[in-house]
Amino acid sequence: MASLNVYSVLVVLFLTCGAAMATKENDQIIKENNCETKMGLPCVLKAFMSIFETRSTSNKCCAELVVLGKVCHSALVKRTLENPLFKDLVPATIIAKSIQTWNNCLALIYSPSPCS
């Protein structure tokens, strides 16, 4: 029985340290790439709504998201999921939606114009 308790403590420590490392990694990526300064607040909110709610993103905001870059986009979404306010969300679902938003914006920005 004592070995089970020790094992449980080790698992909790491992998970806690892993979560702390993930937070530091995302924060470092965000800081090193100046991620928080690359999009205007209105477009950040629209992109956020397209990921965390069922809304679409405008062409202008898709362009800003693509300029932001996939690394920043992913790090910001992951950091948001670490916030206790979002503890009830399913991370896999949100990450899938963030990838869908990214891919939709790429397709929108890089698709040939019908007027060309």
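Keep in mind the model is a prediction, meaning the values are calculated, not measured. All values below were derived from every heavy atom in this structure, side-chain atoms included, with hydrogens, water molecules and symmetry-related copies excluded. Along the sequence shown, residues are numbered consecutively beginning with 1.
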One should read off an interatomic distance between Q28 CD and I30 CD1, to the nearest 0.5 angstrom, of 11.0 Å

In this structure, CD1 of I51 is separated from CG of L89 (nearest 0.5 Å) by 12.0 Å

Minimal heavy-atom distance between T57 and A47, with the atoms involved, is OG1-CA, 4.2 Å

Looking at side-chain heavy atoms only, is the closest gap between I109 and L65 below 4.5 Å? no

TODO: Decide whether L85 and F52 are clustered together by the hydrophobic rule: side chain heavy atoms of Ile, Leu, Val, Met, Phe, Trp, Tyr closer than 4.5 Å, transitively.
DONE: yes

Applied to residues 54-65, the salt bridge (charged side-chain N to carboxylate O under 4.0 Å, His left out) test, sequence neighbours excluded, yields E53-R55, K60-E64

Residue pairs meeting side chain to side chain donor-acceptor pair (under 3.5 Å), one or both in residues 86-104, sequence neighbours left out, come to S50-T101

Exercise. Start with the C-alpha gap between C105 and C62, add the side-chain angles, then the distance that decides, and say whether disulfide bond (SG atoms under 2.5 Å apart) holds.
Key: CA-CA 5 Å; C105 283; C62 272; 2.1 Å; yes

Should I99 and L106 be regarded as members of a common hydrophobic cluster, given that ILVMFWY residues are connected when their side-chain heavy atoms come within less than 4.5 Å of each other, either directly or indirectly? no

- Task: Report yes if some heavy atom in the side chain of V66 is under 4.5 Å from a heavy atom in the side chain of Y110; otherwise report no.
- Result: yes

Heavy atoms of K38 and V67 approach each other most closely as CD-O, 4.5 Å

Q) So do L76 and L68 actually touch side chain to side chain, heavy atoms under 4.5 Å? A) yes

Report task. Assess whether side chain to side chain contact (heavy atoms under 4.5 Å, CB included) is satisfied between I94 and F86, documenting all intermediate values. Result -> CA-CA 10 Å; I94 298 302; F86 301 101; over 6 Å; no

Value for NE2 (H73) from CG (N33), rounded to nearest 0.5 Å, stands at 14.5 Å

Closest non-hydrogen atoms of C61 and M39, given as atom of the first, atom of the second and distance, are O-CE, 4.1 Å

Residue pairs passing the disulfide bond (SG atoms under 2.5 Å apart) test with at least one member in residues 72-101, sequence neighbours excluded, are C35-C72

